[in-house]
Amino acid sequence: MDYNFREIEAKWQKYWAKNQTFKASNNSDKPKYYVLDMFPYPSGAGLHVGHPLGYIASDIYARYKRHNGFNVLHPMGYDSFGLPAEQYAIQTGQHPAITTEANIKRYREQLDQLGFSFDWSREVRTSDPKYYKWTQWVFIQLFNSWYNKTSDKAEDISTLVSIFEKEGNTKVQAVCDDDVQEFGAKDWAGFSDRTRQEILLQYRLTYLADTEVNWCPALGTVLANDEIVNGISERGGHPVIRKKMTQWSMRITAYAQRLLDGLDSIDWPQPLKDSQTNWIGRSEGAHVEFNVQNEDYKIAVFTTRPDTIFGTSFMTLAPEHELVAKITTAEQKAQVEAYVEATAKRSERDRMADVKSISGVFTGAYAEHPFTKEPIPIWIGDYVLASYGTGAVMAVPCGDQRDYDFAKHFDIPIPNIFDGADISEEAFADKANTIIGNSDFLNGLNFKEATRKVIDELEKIGQGEGKINYRLRDAVFSRQRYWGEPFPVYYVDGMPQMIADEHLPLELPEVEKYLPTETGEPPLGNATHWAWNTQTNTVVANELIDDKTIFPLELNTMPGWAGSSQYFNRYMDSQNNEAIYSEEAIGYWQDVDLYIGGSEHATGHLLYSRFWQKFLFDMGIAPKKEYAKKLINQGMITGTSAIVYRISGTNKYVSLGLKSEYEVEELRVDVNLVNTSDEIRVEDLRNWQPEFKEAEFILEDGKYVVGREVEKMSKRWFNVVNPDNICEEYGADSLRLYEMFLGPLEQSKPWNTAGITGVHSFLKKLWKLYANMEEAVQPTADNLKTLHKTIKKVEEDIENFSFNTSVSTFMICVNELTAQKCKSKAILEPLAILVSPYAPHIAEELWEKLGHQESISTAAFPKFDEKHLVENSKEYPISFNGKMRFKLELPLDMGKDEIEAVVMAHEKTQAQLNGREPKKVIVVPGKIVNIVG
RNA sequence: GCCUUGGUGGCGGAAUUGGUAGACGCGCUGGAUUCAAAAUCCAGUUCUUUCGGGAGUGUGGGUUCGAUUCCCACCCAAGGUACCA
């Protein structure tokens, strides 16, 4: 009987679903193992062959762990809030929930078709109110918390209130806004309720703040940096300005140090850890305050080089700095204002990317050097960013290249404060070789000594202190979108109030239009029923708002990363409606053992989710500080575009081999029309798109051959390959094997469907092997050697996530067993288990043929036995000067001297030496012989 | 610029601590089978050669009996990222 993969795969997919084969139990005597994939955004385009790469790898690992006696949790769900569904809604009026539902259905069909061992009973969807109830719940917990630097963890806000009642805020060590006013216990007692709320908001882990955003007035919305090209919106080409907006923020900066420290405890790829480290951007230095001459203002700066303070010859403020308007002199006013306005039009990314042009304006004001009391001119320049540090720089041109360039450009003096450094051409930034000179009490000191000394002196005069600064900023958590989680927040007298836990979820309201309102409010401003009745605890019509018992609700929604920040924990008990998850569930599963996903999430999802986990840990809601022990990045699969060549100015197309004879244009055509030999059927092309209908084709050898180009898989290049067609033609097992066979999991690699015939015929050969199986036949020594060699290699490969080499190993194994005419059940039975994580359908079918009633998924993984691999001779490579020239079979127990004697006496050795006398003979028993000379 | 990863036949890739470079598969060539094709099977396939051999893992050096593997310098590609003070 032939290998009928269509029948087999359908049969076992049905079996697994019916028997809930992969349903994981929350209590078991077996050790637990949690394998997690990054859940997909269900886009309208469906899955392409790049998506399943990581899912196949994690599925192999999950199945392998089951064979090794683990209780495996392997869930899947959907990150189903997002922009594309909203864009589609704006265009068509179709509710995003409907689009999303349809897309999920298609994703599910495609995923099912690939035979993954997911426990679908635990599925989550971030857009499902039953799920986002808990996203809202975490938000409320964050609101009700503050960060206590003394205990170095988040605590309930009530502990902060009792500190305020006892002693005010002068002593408390808390992470909070920069501009909090000091108050005592008496003050606190006298504050109105509203004032208290305002103060507490400055300490909460999620808080309202005015944040700078890229505002596009024409689109009525905020844009991300990458949605802006050359200062105008990518969509529509409208102007974009920097604008302050009141938004929710997450005080992730409170966790900066712990997020950094935690990296040491997790097995994540080093490049990923590096990018998180850089993103957090810890730098040690000093906070220094400069007085403004003749004014009562102070300019605070952060510097990593306080040792160079005597080299300060000017200061630069970010154009947005709040002091700019206050200190600018009348003569400079026009120039400064023009510059500030020009800067507001540039995006932050723009300003940062432009390294070459130097611009800035003198404010006319002077600061005063803290030690020399000399005047220092204050400039503004767009190379200083308001959002980093204090938005002001003490410029030391002799020690910093940017300051140097700025000084040169504007003819500002460049005093040299380094002993023996030449600064005629460029700044001297070498900390290690710094000896300070020309700097009063710092003279003769090196970087470390000078830094310590200057910080001491700054503290003495009350104008500075040592400080650790982080590049990491608090994360803006508001989005002016419809298709996201609503905030469980209503406003009383402008102050945010949380809806009580028991009334969650607060569900998204219906709206007529998904665009911002005419007054520039977010889409939820279009809702007619979006007010909170505090008596009935329900959403009611807006016209009922009386600001006594009925209040307006928050109009922003949460960002994309909200729903993905704790989903890995929710899977542990995803159907629980009473709690985010039960203590028993998380007590059993603890954390993710293996997480597989793309590296593009390095500083987004993978950082924010670590932050939430640490918060949940502080609150006693999660038992682990880090939620994923091990993480692996899968590489991207690139597409191989197909190109046809049109003779310029005609409707004639010429085959690849003949294109050099003409002047041609390259056109990309659908790769699915091309066969494995890069030939395209002209008739198919005519039917594909109207422009080819009447075209003329110039063939070579009666064929039209296309050109190929490797590039990102994208609809616009027509190079997207869907798994569906491949499953139909070759089966899921072939696709699974082929995706793994392509190359190392972490590397990006091009897709070319042609090669799949190799793994497909491997499966056919495997199938054939079992057709002649005979129960009674005893395995030969060769059979056992082949089997155990394979067990050893496959086991090592899976442990090392080297799935591509296992596929080769299977091929070698089947080739050898076929050559040996192996019929023994004692060999074929364990072989089926070895193959099963990779090609589960065929493995189940063969397992059944072997006479088993139960699914192969729980069969124990075969045990490797060294004794079958013991050899007693070795084919020694005989090298001359390191180059292998011939081989010689010798017993493994032969000694060094004896080997040398045999080799030297050999006729081929003599022929190689051609009369020369060898200088040296290296013999490594069991490995190699090398003759030098 | 910086950080990270990578560079091996026509292609995807393999080579476990430095020890036979090119496993395995695709493609290609030849053959068997077939009326023919598909499918299947067999043989060959890094380059070069005077058929003895010689060269060869991005480039140039180095360490070593021996380097794809270790060290130094450089080139190229991909991804990330910053006027970060």
Side-chain angles (χ1 to χ4, degrees), chain A residues 2 269-275 277-279 281 283 285 301-305 308 316 349 351-358 381-385 387-396 399-403 405-406 469-471 599-600 602-603 633 635-636 638 640 676-678 708 710 737-738 741-744 746-759 761-762 764-765 768 793 796-797 800 802 804-812 815 875-887 911-912 914 918-924 926-933:
Chain A
D2 280 349
Q270 195 55 43
L272 197 154
K273 288 185 181 184
D274 290 347
S275 61
T277 304
N278 293 337
W279 192 263
S283 48
V301 303
F302 172 75
T303 176
T304 52
R305 295 297 305 271
T308 63
T316 316
R349 178 172 288 188
R351 280 164 62 178
M352 294 188 292
D354 181 12
V355 210
K356 286 182 190 127
S357 60
I358 296 165
D382 67 3
Y383 77 96
V384 178
L385 301 179
S387 53
Y388 182 77
T390 60
V393 181
M394 68 171 217
V396 182
D400 181 287
Q401 194 57 42
R402 285 177 323 257
D403 295 344
D405 295 339
F406 194 90
N469 199 50
Y470 298 93
R471 193 184 81 105
S599 60
E600 66 272 22
T603 52
N633 289 132
M636 186 173 66
T638 47
T640 314
T676 54
S677 313
D678 291 350
R708 317 274 351 213
V710 172
L737 281 172
Y738 188 52
F741 188 57
L742 281 178
E746 309 85 350
Q747 273 170 37
S748 89
K749 54 229 156 205
W751 180 266
N752 182 359
T753 308
I756 200 170
T757 54
V759 293
S761 47
F762 155 73
K764 285 200 252 185
K765 281 186 219 163
K768 255 193 208 159
K793 176 78 175 135
E796 281 168 4
D797 283 347
N800 294 321
S802 173
N804 53 326
T805 48
S806 309
V807 180
S808 305
T809 303
F810 287 136
M811 289 173 171
I812 294 166
N815 288 347
E875 197 175 33
Y876 277 92
I878 312 301
S879 305
F880 293 80
N881 298 316
K883 289 248 166 229
M884 197 278 292
R885 294 308 175 195
F886 65 94
K887 292 174 193 167
Q912 272 294 333
N914 200 14
K919 286 199 195 106
K920 205 171 177 185
V921 179
I922 312 280
V923 177
V924 185
K927 286 233 158 127
I928 197 168
V929 177
N930 190 20
I931 297 159
V932 187

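Residue numbering restarts at 1 for every chain, and letters A, B, ... go by the order of the sequence lines. Just so it is clear, the structure is predicted and the values come from calculations on it, not from any experiment.
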(request) Specify whether Tyr738(A) and Trp751(A) have parallel, tilted or perpendicular ring planes, treating 30° as the upper limit for parallel and 60° as the lower limit for perpendicular. (result) perpendicular

In whole Å, I'd like the distance from the [atom1] atom of [X] to the [atom2] atom of [N].
X: Ile812(A); N: G25(B); atom1: CD1; atom2: P; value: 8 Å
X: Lys749(A); N: G7(B); atom1: NZ; atom2: P; value: 14 Å
X: Leu737(A); N: C26(B); atom1: CG; atom2: P; value: 13 Å
X: Asp797(A); N: C24(B); atom1: CG; atom2: P; value: 16 Å
X: Lys793(A); N: C24(B); atom1: NZ; atom2: P; value: 13 Å
X: Asp2(A); N: U40(B); atom1: CG; atom2: P; value: 11 Å
X: Arg471(A); N: A82(B); atom1: CZ; atom2: C1'; value: 7 Å
X: Trp751(A); N: C26(B); atom1: CH2; atom2: P; value: 15 Å

(message) Apply side-chain contact (heavy atoms from CB on, under 4.5 Å) to residues Val923(A) and Val929(A) and explain how you reach the verdict.
(response) CA-CA 5 Å; Val923(A) 177; Val929(A) 177; 4.3 Å; yes

(request) Kindly label the base of G80(B) as syn or anti, based on whether its glycosidic torsion lies within 90° of 0. (result) anti

(request) Could you check if the base of G9(B) is syn or anti? Syn means the glycosidic torsion is within 90 degrees of 0. (result) syn

Under 4.0 Å between a side-chain N/O of [X] and OP1 or OP2 of [N], yes or no?
X: Lys764(A); N: U40(B); answer: yes
X: Arg885(A); N: G54(B); answer: yes
X: Asn815(A); N: G25(B); answer: yes

[N] pairs with which nucleotide, Watson-Crick or G-U wobble, both distances below 3.5 Å?
N: C51(B); value: none
N: C65(B); value: G19(B)
N: G27(B); value: U45(B)
N: A77(B); value: U5(B)
N: A38(B); value: none

(request) For the pair Lys765(A) (side chain) and Met811(A) (backbone), establish whether a donor and an acceptor sit closer than 3.5 Å, ignoring hydrogens and angles. (result) no

(request) Spell out, as yes or no, whether a donor-acceptor pair under 3.5 Å connects the side chain of Asp403(A) to the backbone of Val396(A). (result) yes

Would you indicate which nucleotide in [options] comes nearest to any side-chain atom of [X]?
X: Thr805(A); options: A85(B), C24(B), A14(B); result: A14(B)
X: Ser808(A); options: U5(B), A23(B), A85(B); result: A23(B)
X: Ile922(A); options: G12(B), U40(B), G19(B); result: G19(B)
X: Thr757(A); options: A82(B), C26(B), C24(B); result: C26(B)
X: Phe741(A); options: U20(B), G19(B), C24(B); result: C24(B)
X: Asn278(A); options: G66(B), C3(B), A23(B); result: C3(B)
X: Pro744(A); options: A14(B), U5(B), C24(B); result: A14(B)
X: Asp274(A); options: C24(B), A14(B), C3(B); result: C3(B)
X: Ser283(A); options: A85(B), G27(B), A82(B); result: A85(B)

Just checking [X]: base, sugar-phosphate only, or nothing, at a heavy-atom cut-off of under 4.0 Å?
X: Pro269(A); result: nothing
X: Lys273(A); result: nothing
X: Asn469(A); result: nothing
X: Asn930(A); result: base
X: Asn804(A); result: sugar-phosphate
X: Glu796(A); result: base
X: Thr304(A); result: sugar-phosphate

(request) Using heavy atoms to find the nearest nucleotide of RNA chain B for Val393(A) and Met884(A) separately, return the residue whose nucleotide is more 5′. (result) Met884(A)

(request) Please examine the side chains of Val393(A) and Val301(A), heavy atoms only from C-beta on, and report whether any two atoms are closer than 4.5 Å. (result) no

(message) Within this structure, what is the NZ-CG distance for the pair Lys793(A) and Asp797(A), rounded to the nearest 0.5 Å?
(response) 4.0 Å

(request) Using the C1' atoms only, state how far U4(B) lies from C11(B), rounded to an integer number of Å. (result) 27 Å

